[in-house]
Amino acid sequence: MSDGTPPPFPDDVPTVPLLVIDYALLRAGDEHEIDCLWKAATELGFWYLKNHGTDSEVDAMFEMGAHTMALPLEEKMRFKRGDGGDSFGYKFAGSNATDASGALDSVEHIIVSQDDALAFPTVVHRRYPRTVEERMNSVVRPFVRKSMEVNQTIMSVLNDRLGLPPGCLSELHAPLEYSESEASCIKKTPASTPEPPNKAAIGAHTDYGSLSFLHNRLGGLQFLLPGTDEWKYVKPMPGHAICTIGDVMAIFSAGIFHSNLHRVVPEPDLASWVPICRPPPKAQATFDRWSLVFFACPKNSVSLAPLIKESTLIAEAAARAPEGRYATGSTAGEWFRRRVQNQIIKNQRMRPVKGTETWMASRGTEHTEVY
Ligand SMILES: O=C(O)CCC(=O)C(=O)O
Ligand SMILES: [Fe+2]
């Protein structure tokens, strides 16, 4: 610890056994790898992805994040996201609720829209801190492009397995129209006093979009095993991204794909796992935790409903699902903005008696399942 290197993830905490998918094999059309991806997407909705070729872009994004978070708070707050459902910009720690009681999150984010990254220096949605704009061409756009490519490859494999017309999912996500797709760099600073191991830094949620491409360095991400109330850590593995099915893919596929609840809690700290006081050095909990996610979302005007006309497999799944289960009545843009807006603590507090109602309005596909 004295050299500033975080200790390894402890080997005595329960973790989720996620499948490891090899991106290079997936791209080469390897049937066995495609079977594994299908299993991961339909069962847990989470998997590790190796050989994705994005390591240098990810490192550069973390460096951008470090420069941005090191700016004075006053400067970051000039780029604060709005309260009306806009996700892009700076999100300060403690601005979101993590549950219906209004407990606060403890992470700050710098969130860059895909549209802004692709169009820069043209401003589509908003401006960003100088630490971001200075790196938009050299760092942010290359990361966004690589992430789009990885997500498109995964989507195209899933598209064909669902029996959708060639290019159907890709067309729904084509960057010809604006979307809520975004790159989000997240920092959690260790608390000054010990936190309980289940104190949420990011509350339990399903991802709002289609696919998420996540990179984290320290533990803290937890996954709720379907059908249980058991939260388990997802162990960060060097060179392995974590991919997640979001609500949109669950809805498009009438539940064939699974969008699973997850949350971020303090990094596993050996001291907090043992009911006696351990001497220092403590484990990962004393280090800043960084993560980076690229969220792929469909074009904003796309209706969120099962693609029953386009795939027999989906039509059959929709016929088996409870009536109205995936009838969101929303477009992709509305779905995303509703979830963002209702998680903001200020919006929850504006309806003090109805705080729970605001929290429920921030929920996605999970509230009709186990949550
Ligand atoms: O930080 C992480 O490991 C996960 C973040 C996450 O779940 C999210 O931003 O949606
Ligand atoms: Fe998430």
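Read the numbers this way: they start at 1 and go in the same order the structure lists the ligands and their atoms.
- Sorting the N, O or S atoms of His205 by how far they are from the Fe ion (ligand 2) puts NE2 first.
- When all heavy atoms of Gly102 and Ala97 are compared, the closest pair comes out as CA-CB, 4.3 Å.
- Listed by first and then second residue, the salt bridge (charged side-chain N to carboxylate O under 4.0 Å, His left out) pairs that reach into residues 249-261 come to none, sequence neighbours excluded.
- His173 and Ser210 share a side-chain donor-acceptor pair at under 3.5 Å.
- At least one N or O atom of Arg289, backbone or side chain, sits closer than 3.5 Å to an N or O atom of ligand 1.
- Sorting the N, O or S atoms of Asp207 by how far they are from the Fe ion (ligand 2) puts OD1 first.
- With rounding to the nearest 0.5 angstrom, the CG atom of Leu162 is 4.5 Å from the CH2 atom of Trp38.
- The main-chain N or O of Ala250 is never found under 3.5 Å from a side-chain atom of Asp247 such that the two would form a donor-acceptor pair.
- In summary, the atoms of ligand 1 found under 4.0 Å from a heavy atom of Ser291, numbered by their order in the structure, are 1 (O), 2 (C).
- Contact annotation for His262 and ligand 1: only side-chain heavy atoms (C-beta onward) come within less than 4.0 Å of the ligand.
- Within ligand 1, the atoms closer than 4.0 Å to a non-hydrogen atom of Leu221 are 3 (O), 4 (C), numbered from 1 in the order shown.
- Below 30°, between 30° and 60°, or above 60°: for Phe88 and His125 the angle between ring planes is between 30° and 60°, a tilted geometry.
- Within the structure, the closest approach of Lys188 to ligand 1 does not fall below 4.0 Å when heavy atoms are considered.
- Each of the atoms 1 (O), 2 (C), 4 (C) of ligand 1 lies under 4.0 Å from some heavy atom of Val264.
- Side chain to side chain, Arg289 and Ser106 fail the donor-acceptor criterion of an N or O pair below 3.5 Å.
- Contacts between Ile186 and ligand 1 below 4.0 angstrom, taking non-hydrogen atoms only, involve the side chain exclusively.
- Under 4.0 Å from ligand 1, the heavy atoms of Leu214 that appear belong solely to its side chain.
- Residue contacts with ligand 1: His205 is included, with a non-hydrogen atom under 4.0 Å away.
- Side-chain contact of Ser113 with Glu182: a donor-acceptor pair under 3.5 Å is absent, judged by distance alone.
- Heavy-atom proximity to Phe295, at under 4.0 Å, picks out these atoms of ligand 1: 8 (C), 9 (O), 10 (O).
- With hydrogens and angles left out, the side-chain atoms of Ser179 and Asn300 include no donor and acceptor closer than 3.5 Å.
- Residue contacts with ligand 1 for Asp207 involve side-chain atoms from C-beta outward but no N, CA, C or O (heavy atoms, distance under 4.0 Å).
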